Amino acid sequence: PVSYIDAPLPRKEYNFTVAICALVKDAEAYLAEWIDYHLVGLGFENIYLYDNSDAFELQRWYNQTLSHPLYSKVIVHHMPGNLLKDRNQFVQNAAYTDCIRDYGSDNAKGPQHAYFALIDVNEFLVLQQ
């Protein structure tokens, strides 16, 4: 069988980039597969993960992959809790707001993207032909 890693989709060149913003907690067991699928298989430029664990569970993984040719396209932020009281906002909404502000605006902290998929790491996007 051929996997999506062995046979990525044919790519067209566009004058915009697309990234994923996702809130993640307790997903380390299948995180690499999810990242591979979306970066290699579907061609997203970057993935911005907001680690919702109290202990910043993805910090070690993130620090070990900063120079990896594929996983360096993943940026991990720590955003614990359910409600950010200082912003009166639930953490998922806050993560998505921060992601779009930080990576989708003219004042982007890193790469600037035109479009974002706001999904969870237990969801795999499936594109139909």
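What you see is a predicted model, and the numbers here were worked out from it, not measured in a lab.
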I want to check something: taking the side chain as every heavy atom from C-beta on, are [X] and [Y] in contact at a cut-off of under 4.5 Å?
X	Y	answer
D26	E57	yes
V76	Q59	no
L125	F44	yes

### Query
Are N52 and Q92 linked by a side-chain donor-acceptor pair shorter than 3.5 Å?
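No, no side-chain donor-acceptor pair sits under 3.5 Å.
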### Query
Among side-chain atoms of E33 and Y37, is any donor-acceptor pair under 3.5 angstrom?
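Per modelled atom types, E33 and Y37 side chains form no pair under 3.5 Å.
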Spacing of [atom1] belonging to [X] relative to [atom2] belonging to [Y], to within rounding of 0.5 Å:
X	Y	atom1	atom2	answer
C99	L118	SG	CG	7.0 Å
D98	Y96	CG	OH	12.5 Å
Y71	I35	OH	CD1	6.5 Å
I119	I47	CD1	CD1	7.5 Å
L49	Y62	CG	OH	9.5 Å
R60	E28	CZ	CD	8.5 Å

#### Entry: For D54 against P80, the heavy-atom pair lying closest together
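Minimum heavy-atom separation between D54 and P80: OD1-CB, 3.7 Å.
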### Non-hydrogen atoms of F116 and C21 that approach each other most closely
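Closest approach of F116 to C21, heavy atoms only: CD2-SG, 3.4 Å.
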### Task
Answer yes or no: does atom CG of N122 have more than 12 heavy-atom neighbours from other residues, nucleotides or ligands under 6.0 Å?
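More than 12 heavy atoms, drawn from other residues, nucleotides or ligands, come within 6.0 Å of this atom.
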### Message
Check for me whether the distance between the ring centres of H38 and F124 falls short of 6.0 Å.
### Response
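Yes.
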#### Entry: Aromatic ring proximity, centroids under 6.0 angstrom, Y48 and H113
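Ring-ring flag for H113/Y48: true, centres closer than 6.0 Å.
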#### Entry: The single option from N46, T17, I75 passing side chain to side chain contact (heavy atoms under 4.5 Å, CB included) against Y103
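Single side chain to side chain contact (heavy atoms under 4.5 Å, CB included) partner of Y103 among N46, T17, I75: I75.
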### Task
State which residue, out of L39, I20, L58, fulfils the side chain to side chain contact (heavy atoms under 4.5 Å, CB included) condition with V74.
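The residue from L39, I20, L58 that satisfies side chain to side chain contact (heavy atoms under 4.5 Å, CB included) with V74 turns out to be L39.
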### Query
Does F56 offer a backbone N or O that forms a donor-acceptor pair with the side chain of S53 under 3.5 Å?
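Yes, the answer is positive, given that a donor and an acceptor are paired below the 3.5 Å cut-off.
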### Query
Is it true that a side-chain atom of W34 and a backbone atom of A27 form a donor plus acceptor pair closer than 3.5 Å?
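No, because the side chain of W34 does not come within donor-acceptor range (under 3.5 Å) of the backbone of A27.
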